[in-house]
Amino acid sequence: MSLTNKKVLLFSLSVLLPRKKFIFHYKNVRWARGRNETYLCFVVKRRVGPDSLTFDFGHLRNRNGCHVEMLFLRYLGALCPGLWGYGAAGERRLSYSITWFCSWSPCANCSIRLAQFLSQMPNLRLRIFVSRLYFCDMEDSRERDGLRMLKKAGVQITVMTYKDFFYCWQTFVARKQSNFKAWDELHQNSVRLARKLHRILQPFETEDLRDAFKLLGL
DNA sequence: ATTTTCAAT
């Protein structure tokens with residue numbers, strides 16, 4: 001990809017989110033009716049020396065049936081030059097740290113593909129913050145398995161709290177100097193979802209519970 | 001009490 005194309009790409013990723021769009025899609029309400037899109041706000045940090053970092057940021061939305069996580073992987077080469085392959089002679093692979101904030105947690109297939117990808121990228125660290133959990137209500141949902149796979153692949157998955165929404169507002173939203181205003185029940189919803197995620201990521205606990213039920217003949 | 005979900009009309 002030429003430098004010009006790269007600049008255009010990065011520019012298009014860096015346009016700020018309209019306030020209403022951010023609030024609607026990131027609202028961590030229990031019944032997220034109409035959120036038929038997923039947004040992904042990202043920060044990419046690149047280690048360029050022992051004490052220096054550069055970073056890029058922007059946001060993406062799913063398009064044309066392509067989930068936003070896979071779209072992000074497509075752009076990764078432009079966002080992270082030198083992440084893979086062997087650039088110029090003697091050049092070491094660069095280390096990157098990516099943090100993204102997604103309105104929905106990843107679906108099962110995206111989790112699997114991300115986990116596979118990351119297993120080949122030891123020089124890439126990924127932290128995922130999510131506003132809401134996607135199809136995680138059923139105890140045996142594939143999405144739950146996917147999240148556990150991601151954790152196993154070294155991804156830190158966290159439910160967004162007030163400070164994360166605040167940070168996103170400051171960083172990714174065309175806020176026109178307005179301050180972030182929390183919606184009703186932001187905190188309660190975040191706590192509820194964090195507990196749920198915690199239970200999901202503790203597979204042994206539920207397996208123990210199943211064993212216990214089996215022992216009790218239930 | 002119940003409601004939704006990276007759409008499909």
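Just so we're on the same page: letters track the sequence lines, and every chain starts at 1.
Atom CG in N62(A) sits about 13 Å away from atom P in dT5(B), given to the nearest Å. Rounded to whole Å, the distance from CG on L60(A) to P on dC6(B) is 17 Å. The distance between atom CZ of F135(A) and atom P of dT3(B), rounded to the nearest whole Å, is 14 Å. For the pair D137(A) CG and dT2(B) P, the computed distance is 14 Å after rounding to whole Å. Atom CE of M138(A) is separated from atom C1' of dT5(B) by 12 Å (rounded to the nearest Å). In this structure, H59(A) atom NE2 and dC6(B) atom P are separated by 18 Å, rounded to whole Å. The nearest whole Å value for the distance from the CD atom in E143(A) to the C1' atom in dT4(B) is 13 Å. Rounded to an integer number of Å, the gap from CD of E69(A) to C1' of dC6(B) is 7 Å.
Inspection of the R46(A) and T54(A) side chains reveals no N or O donor paired with an N or O acceptor under 3.5 Å.
When ring centroids are compared, F165(A) and W183(A) come within the 6.0 Å threshold.
Ring pair W84(A)/F117(A) is perpendicular by interplanar angle, where above 60° counts as perpendicular and below 30° as parallel.
Contacts classified as side-chain hydrogen bond (donor to acceptor under 3.5 Å, both in side chains) and involving residues 103-112 of chain A (residues at least two apart or in different chains) are given here: N109(A)-R142(A).
dT5(B) and dT9(B) have their P atoms separated by 15 Å, given to the nearest Å. Comparing dT3(B) with dA7(B), their P atoms sit 23 Å apart, to the nearest whole Å. Atom name C1', nucleotides dT2(B) and dC6(B): the rounded distance is 25 Å, in whole Å.
With sequence neighbours excluded, the residues forming a salt bridge (Lys or Arg N to Asp or Glu O under 4.0 Å) with K196(A) are D137(A), listed by chain and number.
The aromatic ring of Y134(A) does not sit over the base of dC6(B); the criterion of centres under 5.5 Å apart with planes under 30° is not met.
Contact annotation for S131(A): no contact, since no heavy-atom pair falls under 4.0 Å across all strands.
For N36(A) and dT4(B), the shortest distance from a side-chain N or O to OP1 or OP2 is not below 4.0 Å.
Between the side chain of W31(A) and the base of dT4(B) there is no donor-acceptor pair of N/O atoms closer than 3.5 Å.
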